[in-house]
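Report on the structure given below.
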Number of protein chains: 2
Amino acid sequence: MAVIKDVARLAGVSVASVSKVLNNAGSVSNKTREKIESAIKELDYIPSTIARSMRTRKTNMIAVVVPDIIDDFFANVFNYIKDAAQNLGYTPILYSIEDNIEMLKNYLGKISLVNFDGAIFCFLDEDEVISNFEKIQMQIPITLFSWNISNVKFSAVVTDVFEGEYKAARYLIEKGEKRIAFVGGPENSRISKQKFDGFAKAMREAGLEIKDDYLFNGHCRYQTGYQAAIRFSRLAEMPTAVVAAGDNFAAGLIKYFTRKGIKVPDDIKVIGFDNIPLASIYEPAISTVSIPIEQMSREAVNLLVNKITGREKANRTIIFKNELLIRNSTDRDILIDFEF
Amino acid sequence: MAVIKDVARLAGVSVASVSKVLNNAGSVSNKTREKIESAIKELDYIPSTIARSMRTRKTNMIAVVVPDIIDDFFANVFNYIKDAAQNLGYTPILYSIEDNIEMLKNYLGKISLVNFDGAIFCFLDEDEVISNFEKIQMQIPITLFSWNISNVKFSAVVTDVFEGEYKAARYLIEKGEKRIAFVGGPENSRISKQKFDGFAKAMREAGLEIKDDYLFNGHCRYQTGYQAAIRFSRLAEMPTAVVAAGDNFAAGLIKYFTRKGIKVPDDIKVIGFDNIPLASIYEPAISTVSIPIEQMSREAVNLLVNKITGREKANRTIIFKNELLIRNSTDRDILIDFEF
DNA sequence: TTGTAGGCGTTATCAA
DNA sequence: TTGATAACGCCTACAA
């Protein structure tokens with residue numbers, strides 16, 4: 001591996017000049033620049049980003065921490081973040097905590113977050129770790145991708161999942177449903193609680209009871225929805241509608257119901273959350289709450305990079321609207337335009 | 001941020017001793033060790049991995065390059081690789097080339113793959129880039145996750161997708177299908193060609209014609225399958241079965257057919273590939289070819305790490321079997337055991 | 001416009 | 001068992 005010194009020697013100049021050409025900073029005559037450039041080519045020289053990082057104290061890497069990368073929602077979020085980051089010259093490093101707060105703490109505590117120029121945390125602002133976040137923020141900028149519309153301690157892109165789930169439940173209630181079940185993510189996760197609270201508010205307002213039997217929690221996978229459906233269908237009095245806090249749940253629910261001859265939406269309605277690609281491709285297409293993850297991801301990166309470069313100093317929160325999308329898992333006859 | 005010098009000063013020892021404790025190498029008396037350890041704790045000292053990398057020329061990072069991270073298949077592959085790598089103390093860095101060979105070349109050429117201790121390339125051994133791979137391999141070990149069972153230039157975990165697709169087509173032919181269509185990935189991708197060739201072999205052997213109208217290619221997304229279904233269903237003579245080179249294709253196909261009242265599997269049979277979680281949760285459950293990605297991922301990492309550590313010197317290829325899984329998109333009455 | 005030299009935070013060699 | 005010190009490859013005053 002050639003190093004800068006080799007280039008300098010071959011070009012017959014000093015390392016300083018080579019460095020200047022590399023970073024096109026400082027002044028070099030055209031003649032030396034050419035000599036250097038051809039030496040670089042000849043040697044296949046690539047500057048060591050490690051040595052560079054050591055010297056400049058920047059790595060051009062950002063940490064992206066998500067609850068669970070197997071969940072399509074976060075896979076998509078990460079992908080958008082990746083695109084946005086790469087466009088700005090940053091490499092995103094993915095961390096998945098697999099819905100395990102201990103693992104998160106572990107990352108936060110011992111991982112050398114120092115090696116990153118910044119970090120983005122997606123739906124991870126649990127009370128337990130907020131103080132860790134503040135500590136980290138003393139070292140490097142962080143941005144939250146979150147549900148918390150009133151947070152002021154961090155820069156954030158947020159969408160109000162409480163309100164989103166409220167709208168979902170409200171929709172079912174207005175259609176006349178009374179026995180409505182809820183399938184949520186891990187019980188101890190903050191975002192799950194937010195969604196549940198939105199659901200609960202709609203139920204309370206309508207004077208409807210929230211039965212323990214109608215509640216189910218688990219990782220945001222098909223399986224959880226499937227299991228929930230098994231439980232629900234064994235009840236003496238089955239629910240007639242389910243608010244699912246994720247599209248994966250919804251797909252699992254529908255799968256089991258359909259297998260058992262329970263028709264969706266005729267016998268039971270199901271509504272999801274997130275609007276992952278699966279939601280529109282599933283049959284029946286899944287009604288859901290859509291979150292503008294592409295824009296949110298892009299802005300999350302912008303916010304972070306602005307802080308990293310010092311262009312922006314104060315914390316800022318950008319709020320994004322979510323939207324109820326009605327499809328065939330709640331309404332047999334809705335006609336859906338597929339864009340594809 | 002405290003550095004090693006601060007620790008040494010606080011403990012009243014030399015940096016050399018601190019370093020020894022950090023790497024528990026060399027010999028230090030218990031007394032100094034204790035002093036150092038408490039100094040570390042007091043200062044919240046974390047060694048700089050950058051400086052460390054600079055000195056040791058190891059980063060403990062491996063590059064993982066996949067064709068398209070939005071494809072669930074590769075999201076799952078990456079996740080397994082991630083687990084295996086982390087268990088061995090390596091951080092995987094994800095690169096998605098988005099089915100674009102130019103982007104791959106770009107990564108290969110200019111990216112400082114030098115910063116990685118090794119790299120894993122997933123289904124990316126196109127002829128065009130093999131020579132680049134060899135060049136890279138002169139710098140760092142690489143492992144291929146591949147279809148190429150007879151490769152000898154690299155260490156690899158492989159599964160024979162040619163044979164897998166052959167089995168899929170064969171199955172439909174044995175059920176009496178004659179008008180069989182094929183939906184494949186990007187035309188210029190090598191793995192797509194392998195799959196097509198497997199399909200074509202079965203067709204040829206059975207004396208069946210491969211019509212141009214029955215061929216469709218695109219990125220491995222739902223949309224491609226959906227579009228293919230549109231095309232197929234407009235034909236004067238529709239196919240009665242489709243071999244889809246990915247489960248996403250299959251889901252898109254089934255979606256469109258079902259919407260149009262074309263029954264799967266009664267009117268048309270569809271078979272996928274990869275056995276992503278979606279395949280079993282879809283309704284009807286999708287017949288597919290299953291690849292043991294968990295074991296393959298683990299072994300890919302093992303192979304690579306063994307080379308990195310020097311435990312293994314020669315190239316080695318491990319071959320994994322794939323398996324035809326019959327579900328309801330080809331057979332109405334098959335009863336499927338869901339493990340969930 | 002060019003070059004010299006110091007330092008970023010480690011590890012590793014070699015004396016003491 | 002300890003500690004000085006020289007790298008690792010790069011950037012950047014500062015001097016020439």
Side-chain angles (χ1 to χ4, degrees), chain A residues 1-37 39-40 43-61 89 110-117 139-140 309, chain B residues 1-37 39-40 43-61 89 110-117 139-140 309:
Chain A
M1 247 1 234
V3 300
I4 198 171
K5 217 193 280 182
D6 303 322
V7 177
R9 188 166 9 195
L10 181 61
V13 300
S14 74
V15 294
S17 300
V18 179
S19 180
K20 280 176 201 155
V21 170
L22 253 26
N23 305 288
N24 37 355
S27 44
V28 278
S29 69
N30 277 334
K31 198 153 55 171
T32 38
R33 158 166 286 114
E34 279 160 22
K35 279 191 296 185
I36 291 169
E37 274 163 356
I40 288 176
L43 293 173
D44 259 334
Y45 167 70
I46 301 172
S48 153
T49 56
I50 300 203
R52 195 173 260 179
S53 295
M54 171 110 175
R55 183 58 234 248
T56 62
R57 307 174 144 288
K58 311 210 107 280
T59 60
N60 288 316
M61 298 197 302
K110 74 192 248 26
I111 246 191
S112 31
L113 275 165
V114 240
N115 287 329
F116 298 103
D117 292 351
Q139 311 279 351
I140 57 172
T309 57
Chain B
M1 253 351 238
V3 300
I4 197 171
K5 219 192 278 182
D6 303 322
V7 176
R9 188 163 9 193
L10 181 61
V13 299
S14 74
V15 293
S17 299
V18 179
S19 179
K20 279 176 201 155
V21 170
L22 253 26
N23 305 288
N24 36 359
S27 47
V28 278
S29 69
N30 277 333
K31 198 152 56 171
T32 36
R33 159 166 286 115
E34 279 161 23
K35 279 192 296 187
I36 290 171
E37 274 164 356
I40 288 175
L43 293 174
D44 259 334
Y45 167 71
I46 300 173
S48 153
T49 55
I50 301 206
R52 194 173 260 180
S53 295
M54 171 110 172
R55 183 59 233 240
T56 62
R57 311 176 140 283
K58 313 208 103 280
T59 60
N60 288 317
M61 299 196 302
K110 75 194 251 345
I111 247 190
S112 30
L113 275 165
V114 241
N115 287 330
F116 298 103
D117 292 352
Q139 311 279 350
I140 56 172
T309 58

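Order of the sequence lines fixes the chain letters, A, B, ..., with proteins taken first and strands second; residue numbering starts at 1 for each chain.
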_Check against side-chain contact (heavy atoms from CB on, under 4.5 Å), B:Leu10 and B:Tyr45_ = CA-CA 12 Å; B:Leu10 181 61; B:Tyr45 167 71; over 6 Å; no
*asked:* For B:Ser14 versus B:Ala8, what's the shortest heavy-atom pair and its separation?
replied: C-CB, 3.7 Å
*Could you give the CZ-to-P distance, from B:Arg9 to D:dG3, as a whole number of Å?*
14 Å
*Starting at atom CD1 of B:Ile36, determine the distance to atom C1' of D:dG3, rounded to an integer number of angstrom.*
11 Å
*asked:* Between A:Arg33 and A:Ile36, does the side-chain contact (heavy atoms from CB on, under 4.5 Å) criterion hold? Intermediate values first, please.
replied: CA-CA 5 Å; A:Arg33 158 166 286 114; A:Ile36 291 169; 5.8 Å; no
*If every non-hydrogen atom of B:Asn60 is compared with every non-hydrogen atom of B:Asp117, which pair is closest and at what distance?*
N-OD2, 2.7 Å
*Verify the contact: side-chain N or O of B:Thr32 to OP1 or OP2 of D:dT1, cut-off strictly under 4.0 Å; return yes or no.*
no
*Five-pair end axes of the helix from C:dT1-D:dA16 to C:dA16-D:dT1, angle between them (10°)*: 40°
*Applying side-chain contact (heavy atoms from CB on, under 4.5 Å), run through A:Ser53 and B:Ile50 and close with a yes or a no.*
CA-CA 7 Å; A:Ser53 295; B:Ile50 301 206; 3.7 Å; yes
*Looking only at atom types and distance, does a side-chain atom of B:Ser19 sit under 3.5 Å from a main-chain N or O of B:Val15, one as donor and one as acceptor?*
no
*Taking for each residue the nucleotide of DNA chain D with the nearest heavy atom, is it A:Ser17 or B:Ser29 whose nucleotide lies nearer the 5' end?*
B:Ser29
*Once each nucleotide of nucleotides 9-16 of chain C is scored for protein heavy atoms under 4.0 Å, what B/S/- sequence comes out, 5' to 3'?*
BBBB----
*asked:* Output the rounded distance in Å from CG (A:Asn24) to C1' (D:dC11).
replied: 14 Å
*Any chance you could lay out the side-chain contact (heavy atoms from CB on, under 4.5 Å) test for A:Arg52 and A:Asn23, step after step, and finish with the verdict?*
CA-CA 11 Å; A:Arg52 195 173 260 179; A:Asn23 305 288; 3.8 Å; yes
*How long is the line joining CD1 of B:Ile50 and C1' of D:dC10, in whole Å?*
12 Å
*Indicate the atoms forming the closest heavy-atom contact of B:Val21 with B:Val28, along with that distance.*
CG2-CG2, 4.1 Å
*What is the nucleic acid contact for B:Ser53, judged by heavy atoms within less than 4.0 Å: base, sugar-phosphate only, or nothing?*
nothing
